[in-house]
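Order of the sequence lines fixes the chain letters, A, B, ..., with proteins taken first and strands second; residue numbering starts at 1 for each chain.
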Amino acid sequence: MNRDIYLSNSLGGRKEKFKPINPKKVRMYVCGPTVYDDPHIGNARPLVVFDILFKILKCKFGNSSVVYVRNITDVDDKIIEGAKQKKILINKLTTDITKRFNEDCDYLNCEKPSFEPKATENIPLMIDMIKILIKKNNAYENNSHVYFDVSSFKDYGKLSNKNVDQLFAGARVEVSENKKRPEDFVLWKPSLKEEPGWDSPWGRGRPGWHIECSAMSKKYLGDTFDIHGGGRDLLFPHHENEIAQSRCANDNKSLSNFWIHNGFITVSNEKMSKSLGNIYKIKDFYKKYNGQVVRLALMSTHYKQAMDWSDDLLLQSQKTLDKWYEHQKKPEGKVLIPDEDLNPLYDDINTPGYISNIHKLYDKASKGSDKDKEIFTMACNFIGLLIEPKSKWLEFKKNILEISEEEILQKIKDRNKARDNKNYELADKIRNELLDKGVLIEDKDDKTTWKIK
RNA sequence: GGUAACGUGGCGGAAUGGUUACGCAGAGGAUUGCAAAUCCUUGUAUCCCGGUUCGAUUCCGGGCGUUACCUCCA
């Protein structure tokens with residue numbers, strides 16, 4: 001496809017034409033999970049958003065020309081805390097949560113990134129980077145801690161539009177005695193005996209909260225790459241600090257040319273938080289909804305917007321997919337999605353606009369030829385929907401039903417007997433009984449079929 | 001207090017300097033024993049006040065409101 005991709009760049013705050021440094025190697029880094037607790041629906045949003053961006057980039061530049069890196073942060077104070085609370089070993093917690101994270105990715109039908117590096121497997125790189133920062137006077141050691149000296153980096157605050165003087169004037173930040181200034185942030189800190197630690201020039205310790213992304217993005221994507229993504233909340237301080245570290249260590253003008261941030265998921269218009277108890281874990285949806293339902297729900301709002309999560313949203317998505325599955329037809333041979341239908345995705349990943357186009361393609365498919373059905377299905381497949389066969393979709397629904405298929409068929413027999421005898425009262429009663437159990441009966445021609453409501 | 005995003009019909013949610021979003025729900029009709037499904041038809045909207053303009057929901061300014069970030073967080 002010839003048309004250009006446009007993306008909203010947080011750095012600068014406007015929508016820009018996307019131009020990769022090297023079209024034969026488009027590079028994207030997305031901040032992955034810190035594996036300390038089960039992933040929730042808020043974590044799911046960037047997974048799906050950047051999965052779609054990955055697909056768009058591959059469509060534009062070619063499958064083998066896009067490198068997507070998503071890290072796993074498996075060393076962090078929250079992990080230490082979480083393991084303590086659950087009274088399990090740190091290693092057990094991180095492997096368990098990483099496993100669950102991968103299950104969630106499969107459930108949501110997200111493609112595997114090109115690389116999924118773990119922080120703990122790249123500690124030496126972080127130590128090297130910290131060494132460089134100290135050597136260049138961008139960092140200082142004090143009492144086994146190493147801090148980044150924010151005053152040494154002129155562009156600090158440029159990404160998040162923050163003025164350092166104002167930012168820390170009130171000092172709501174905990175000021176450590178070891179820091180020179182409150183805005184400085186930790187690169188390395190000492191570990192207690194029972195805490196995970198690695199030997200370093202500053203003693204046994206562990207890395208700070210931001211350095212892992214700087215080290216791993218450099219390893220896989222180089223000093224400057226094309227896209228860096230993550231949730232809005234990472235904009236400050238995480239991404240600001242990443243930029244400071246990387247640019248000082250690498251001595252260059254840009255870490256990533258594009259910064260993309262997805263909005264939050266709220267519940268009843270409030271941010272999900274543990275204290276409010278309004279967290280929806282992804283695995284909580286496994287039983288009730290096919291992963292595609294959750295995926296479509298996540299795509300129903302533009303990624304930049306906040307989105308309010310509700311049952312109604314899921315039910316609507318379920319209904320839409322039910323309808324769409326009626327005309328699913330696996331493409332045979334090469335089928336192209338018309339450019340004009342693809343347009344919204346190229347314009348800042350406008351998934352709701354694209355979904356609207358799918359509805360139009362559906363209309364055509366429902367009245368048109370097999371080819372139309374194939375185009376429609378292809379359009380769904382592009383954003384990770386309707387890939388699994390209809391039989392599987394129906395099977396999932398059957399499995400969550402509380403009534404067996406035999407019982408249903410028996411009830412239908414009973415009802416049809418009643419109908420033959422013109423005992424419509426009884427027939428309607430049976431139908432309503434089934435409806436209460438979520439089974440909908442349809443009389444078509446001479447045959448009675450059933451489906452899940 | 002600082003920084004940002006947002007405010008579109010009953011709901012969800014795009015786009016746009018002048019013309020149908022789209023989906024769900026609703027209404028009417030065809031069909032049906034009644035329904036369901038399907039098909040056809042259909043109503044309803046751009047927070048407030050200024051400015052720019054022939055014309056603004058769209059651009060600019062102000063106000064009000066919502067939310068987020070500034071502290072670990074997708």
Starting at NZ of A/Lys304 and ending at P of B/A14, how long is that distance when rounded to a whole Å?
-> 11 Å
Under 4.0 Å between any heavy atoms, over every strand shown, what does A/Lys323 touch: base, sugar-phosphate, or nothing? Just pick one.
-> sugar-phosphate
Paired with A/Tyr29, the side-chain contact (heavy atoms from CB on, under 4.5 Å) test is passed by just one of A/Val67, A/Ile227, A/Asn71, namely A/Asn71
Across all strands, who's sitting opposite B/U20 as a Watson-Crick or G-U wobble pair, both distances under 3.5 Å?
-> none
Can the ring centres of A/Phe185 and A/His210 be said to be less than 6.0 Å apart?
-> yes
Distance between the C1' atoms of B/U32 and B/A37, in whole angstroms?
-> 11 Å
Could you check which nucleotide pairs with B/A15 in any of the strands shown, counting Watson-Crick or G-U wobble with both distances under 3.5 Å?
-> none
Looking across every strand, which nucleic acid part, if any, lies under 4.0 Å from A/Asn357 by heavy atom: base, sugar-phosphate, or nothing?
-> nothing
Watson-Crick or G-U wobble mate for B/G1, both contacts under 3.5 Å = B/C70
Scan every strand shown for a Watson-Crick or G-U wobble partner of B/G50, both distances under 3.5 Å, and answer none if you come up empty.
-> B/C60
Minimum-distance nucleotide (side-chain atoms of A/Thr34 versus B/A21, B/A37, B/A74) = B/A74
Please determine, for the side chain of A/Thr301, which listed nucleotide (B/G13, B/C34, B/A74) has the closest atom?
-> B/G13
Which part of the nucleic acid does A/Leu235 contact within heavy-atom distance under 4.0 Å: base, sugar-phosphate only, or nothing?
-> nothing
Determine the interatomic distance between C1' on B/A45 and the same-named atom on B/U53; round to the nearest Å.
-> 24 Å
Can we say A/Arg295 and A/Asp51 salt-bridge, meaning some charged N sits less than 4.0 Å from an Asp/Glu carboxylate O?
-> yes
For A/Asp308 and A/Ser310, does a side-chain donor sit closer than 3.5 Å to a side-chain acceptor?
-> no
Nearest to the side chain of A/Trp209 - B/A4, B/C72, B/G12?
-> B/C72
Give one of base, sugar-phosphate or nothing for A/Arg70, where a contact means two heavy atoms less than 4.0 Å apart.
-> nothing
Go through B/A4, B/A74, B/G12 for me and flag the one nearest to the A/Arg232 side chain.
-> B/A4
If you measure from the C1' atom in B/C39 to the same atom in B/U31, how many Å do you get, rounded?
-> 9 Å
Hey, does A/Gly42 reach any base, or is it just sugar-phosphate, or nothing, if we go heavy atoms under 4.0 Å?
-> base
Residue matched to B/C34 through Watson-Crick or wobble contacts both under 3.5 angstrom = none
Is a side-chain N or O of A/Glu240 found less than 3.5 angstrom from the main chain of A/Ser160, in a donor-acceptor match?
-> yes
d(CG, A/Asn416; P, B/A36) in whole Å | 18 Å
Among B/A68, B/U3, B/G33, which is the nearest nucleotide to the side chain of A/Asn161?
-> B/U3
Assigned partner base of B/G26, Watson-Crick or wobble definition, under 3.5 Å = B/U42
To the nearest Å, how far apart are A/Tyr29 OH and B/A74 P?
-> 13 Å
Between A/Gln305 and B/A14, does any side-chain N or O lie under 4.0 Å from OP1 or OP2?
-> yes
Checking all strands, does A/Ser160 fall into the base, sugar-phosphate, or nothing category for heavy-atom contacts under 4.0 angstrom?
-> sugar-phosphate
Please determine if A/Lys86 and A/Asp37 form a salt bridge, counting it only when a charged side-chain N lies under 4.0 Å from a carboxylate O.
-> yes
Determine the Euclidean distance between corresponding P atoms of B/G61 and B/U52; express it in Å to zero decimal places.
-> 15 Å
Reckon A/Ile441 touches a base, only the sugar-phosphate, or nothing at all at heavy-atom distances under 4.0 Å?
-> base
To the nearest angstrom, how far is A/Leu234 atom CG from B/C69 atom P?
-> 11 Å
Please give, in whole Å, the distance from B/C24 P to A/Trp324 CH2?
-> 10 Å
note: A/Ile355, atom CD1; B/A14, atom P; distance rounded to Å ~ 10 Å
Paired with B/C6 by Watson-Crick or G-U wobble geometry, both distances under 3.5 Å: which nucleotide is it?
-> B/G65
Just say parallel, tilted or perpendicular for the rings of A/Tyr280 and A/Phe285, cut-offs at 30° and 60°.
-> parallel
When you compare B/C70 with B/U16, how far apart are their C1' atoms, in angstrom units rounded to a whole number?
-> 35 Å
Euclidean distance for P, B/U41 against B/C47 (whole angstrom) = 30 Å
Considering the options A/Ile337, A/Asp347, A/Asn343, which one meets the side-chain contact (heavy atoms from CB on, under 4.5 Å) requirement together with A/Tyr354?
-> A/Ile337
Counting side-chain heavy atoms from CB outward, which of B/G33, B/A14, B/C22 is closest to A/His302?
-> B/A14
The answer to which of A/Lys367 and A/Cys31 contacts RNA chain B further toward the 5' end, by nearest nucleotide, is A/Lys367
Where each residue is assigned the nucleotide of RNA chain B containing its nearest heavy atom, which of A/Asn43 and A/Pro352 is assigned the position nearer the 5′ end?
-> A/Pro352
Touch check for A/Leu315, heavy atoms < 4.0 angstrom, all strands: base, sugar-phosphate only, or nothing?
-> nothing
Side chain of A/Ser356 (C-beta onward), nearest among B/A21, B/A74, B/A37 = B/A21
